[in-house]
Amino acid sequence: MPDFAFKPIALLILLAVLGCSLLGGLVSRARNDEYYWVSGATSGRAGIGAAIASNWMSAASFLGIAGVFYLKGYLGMAYVVGWTGGYVLLLVLMGNQIRRFGKYTAPEFVEARYDSPYARLIAAIIAILITLVYCTAQYKGLGLVFAWMFGFDYTPSLVLGVAVTLSYLTIAGALGARRKQRMHYAVLIIFFLLPLMVIAYYLDYFWLLPQIGYGEALRDLGRGGQGDWMAPWKYASVYEWIALCFTLMVGTAGLPHVLTRFYTVPNIRDARWSVVWGIFFIGLLYWSAPAYAVFAKIMELRDGLGAAQPADLIVILAAERAGIPVWAVAMLAVGGVIAAISTVVGLLINGAGAFAYDIYFRLLKPDASEQQQMKVARMTTLFLAALVVVLAINPPGLIAEITAVAFALAGNTLFPVFLLGIWWSRANKYGAIAGMLSGIAITIGSLLLAWWSPELSRFLPPTSSAFIGAPVVALVMVGVSLATPAPPERITRFLIEKVHQP
Amino acid sequence: MTTEPANKGDNNRVNFFLPQAGFMRHEVRLIKIMLAAWLLGSFGFPLLLADSQHNLLGESFLTEGNVWGFPLHFLVSGQGVILFFILICFLFNALMDMLTARRRGRRR
């Protein structure tokens, strides 16, 4: 990684944004005292849509996708299509039914539907594993941006980033501030789009709508002999493209923290309609992300510069190379940091909750008091945070790629469990347990395969294993369920009378 | 709460591929139509790209066509598909609203 200088203005903007977010959270607490991260009362479907989008946008969206475009061209589109189409799949296939089922975390759903504490335990472990992988990607983004901001090496920047995240979590928790979802979304999207417009202006492309303006830049790239970069299968075959896209979609539909946010809405119609807004708001970012990579390529072509390093910072480096004002570059860095911090905080709380509630309270110590649970949750948060630092010191891939592995795990395990749980009453606990275990095995197997044989790994890439994994796990569930006794009658009744009635 | 065991062979009381008459059947039909559109939007285009390619890089008339400077495959995957997804969700919600309204009306 190249040496970066300290940018005081970026630090100022970061402190200002974090401060405002705390202040805003405090003001709204005065009006209504809901728990900090889990819920945020938002009014109107557009508002809920913004909340969905703000919950969704992580460092993978903000920094990661542009990095994939920069290195792997059209393969980046698999991320764009996969991470928007996943919401369509979730809404159409299971949204109404899960909502009517009334259990919004994966372990709760699994216990209620499959009537087994062991299945719940496995689901909780999966939720924690997903948290770990997902957070590793976020930490990488945090470490890189902090390195750019402060001019430290990667590892100290990583530790600093984690320290900032944990202190923010502690302060917000101690003050009881609520998270302002809509404000958070507004900040993220402005911090992403405004610098892009400035870059387009500086490079003489149509700057009012850089999402359209980068078309001309693509044409210039083609004329400049960079046509190969745009070719569909230059960096990945059509199979790899589709497998990745499919994996990201089923992963989205199975991710615990997406489900939780998706359903903390008062009524089912508003929940449904807010998804339309949610995809639009997420789309605003995805329509724009490729432009950063294209503009970075254009500058290489024009000025004969070498490749920008590291690719995961291409959003920031493109802005820097275009020579736009430093405050606009700093906006991008700050946007990346707050996207990462908010995602990490949400995930750590989810993961710690899965341990403290689903494992410690429900299985190990049913007589634990609420205070004991809270204490365990706090300690788990710290433990998970420290564990992720270790994982993130030598990140094994691009931010978006690491994130995709978390999606593959969700798609291989929780997606089939939800899908068959909702749509096939005969699915039972043996099927669910066998299915989740084989899903974990397939995910780990794909990682081992990548290490053992890169050639074979092209058929089962770690980022895309759910294309084969999800159908295989569904078949395992069907087979094992049919070979074992049917689930209790009351569960089938519940499915018919509650879940599949309007 | 009844505790009688489920009848033997009664495996399909809730089954996506064998929906029960009434609301579930209507709902499943709607879901199938929307899923078909989703499949087409997500995977139809890359398959078409692969089908019409004239070299291993995947270049074809679809990557040469130009709209506002965009090669067609960038425009479709990067912009069009998201709009199409929003349209699918919009239609699904509108039809779902009609379905539940009709159902509720009949119950009264």
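First the proteins, then the strands, lettered A, B, ... as listed; each starts at 1.
- Screening A/V88, A/V276, A/L89, A/I282 for a side-chain contact (heavy atoms from CB on, under 4.5 Å) involving B/F85 leaves a single residue, A/V88.
- For chain B, the option among A/V92, A/L420, A/D220, A/V81 with the highest count of heavy-atom pairs below 4.5 Å is A/V92.
- In A/Y430, the OH atom is not crowded: 12 or fewer heavy atoms of neighbouring residues, nucleotides or ligands sit closer than 6.0 Å.
- In this structure the side chain of B/L99 never reaches within 4.5 angstrom of the side chain of A/P502, judged on heavy atoms.
- Only the side chain of A/R269 comes within less than 4.5 Å of a heavy atom in chain B; its backbone stays farther off.
- Here A/Q226 pairs with A/L221, A/W229, A/K297, A/L301 under the side chain to side chain contact (heavy atoms under 4.5 Å, CB included) rule; sequence neighbours left out.
- Residues A/W423 and B/I31 are in side-chain contact: their nearest non-hydrogen atoms beyond the backbone lie under 4.5 Å apart.
- Within the 4.5 Å cutoff, no side-chain heavy atoms of B/F92 are placed close to those of A/V275.
- In terms of heavy atoms, A/G283 sits closest to B/I82 at CA-CG2, 4.0 Å.
- Heavy atoms of A/I422 lying under 4.5 Å from chain B belong exclusively to its backbone.
- Within the 4.5 Å cutoff, no side-chain heavy atoms of B/R13 are placed close to those of A/H500.
- Using a 4.5 Å heavy-atom threshold, the side chains of B/S77 and A/V80 count as separate.
- Taking 4.5 Å as the limit, some side-chain heavy atom of B/E27 sits within range of a side-chain heavy atom of A/N96.
- Of the residues considered (B/I86, B/V81, B/T100), B/I86 shows the highest number of contacts with chain A, using heavy-atom pairs under 4.5 Å.
- Considering only heavy atoms from C-beta on, A/W233 stays 4.5 Å or farther from B/L57 through its side chain.
- Remark: A/E216 engages A/R219 in a salt bridge (charged side-chain N to carboxylate O under 4.0 Å, His left out) (not counting sequence neighbours).
- When atom types are taken as modelled, the side chain of B/H73 and the backbone of A/M230 share a donor-acceptor pair closer than 3.5 angstrom.
- Put simply, of A/T84, A/L495, A/I279, the one with the most heavy-atom pairs under 4.5 Å next to chain B is A/T84.
- Rounded to the nearest 0.5 angstrom, B/M96 CE and A/I268 CD1 are separated by 7.5 Å.
- Taking 4.5 Å as the heavy-atom cut-off, the residues of residues 284-296 of chain A that approach chain B are A/Y286, A/W287, ordered by number.
- When each of A/W277, A/F280, A/W273 is checked for heavy-atom pairs under 4.5 Å with chain B, A/W273 comes out on top.
- For A/W241, the part lying under 4.5 angstrom from a heavy atom of chain B is the side chain only.
- Within a 6.0 Å radius of CG in A/L208, more than 12 heavy atoms belonging to other residues, nucleotides or ligands are found.
- With respect to chain B, the highest number of heavy-atom pairs below 4.5 Å among A/A231, A/A427, A/P232, A/S237 belongs to A/P232.
- Listed by chain and residue number, nothing satisfies the salt bridge (charged side-chain N to carboxylate O under 4.0 Å, His left out) test with B/R29 (two or more places apart in sequence, or in another chain).
- Other residues, nucleotides and ligands contribute over 12 non-hydrogen atoms within 6.0 Å of the NZ atom of B/K32.
- Note: A/Y74 and B/F74 have tilted aromatic rings, judged against thresholds of 30 and 60 degrees for the angle between ring planes.
- Options B/G41, B/A50, B/G69, B/A94 differ in how many heavy-atom pairs under 4.5 Å they form with chain A, and the most are formed by B/G69.
- Looking at A/L419 and B/F16, their side chains never come closer than 4.5 Å, going by heavy atoms from C-beta outward.
- Here the CG atom belonging to B/D97 is positioned 5.0 Å from the CZ atom belonging to A/R272, to the nearest 0.5 angstrom.
- Contact of B/S42 with chain A is made through backbone and side chain together, with heavy-atom distances under 4.5 Å.
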Residue pair B/F43, A/M249: steps toward the side chain to side chain contact (heavy atoms under 4.5 Å, CB included) verdict: CA-CA 12 Å; B/F43 306 117; A/M249 286 175 171; 4.0 Å; yes
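- Looking at A/F246, the atoms closer than 4.5 Å to chain B (heavy atoms on both sides) sit in the backbone and in the side chain alike.
- The environment of A/Y239 atom OH is dense: over 12 non-hydrogen atoms of other residues, nucleotides or ligands sit within 6.0 angstrom.
- For B/N66, the part lying under 4.5 angstrom from a heavy atom of chain A is the side chain only.
- Heavy atoms closer than 4.5 Å to chain B are found in the side chain of A/V238, but not in its backbone.
- Put simply, the side chain of B/Q79 gets close to the backbone of A/Q211: a donor and an acceptor are under 3.5 Å apart.
- For B/L83, the parts lying under 4.5 angstrom from a heavy atom of chain A are both the backbone and the side chain.
- Interface residue B/W38: only side-chain heavy atoms are found under 4.5 Å from chain A.
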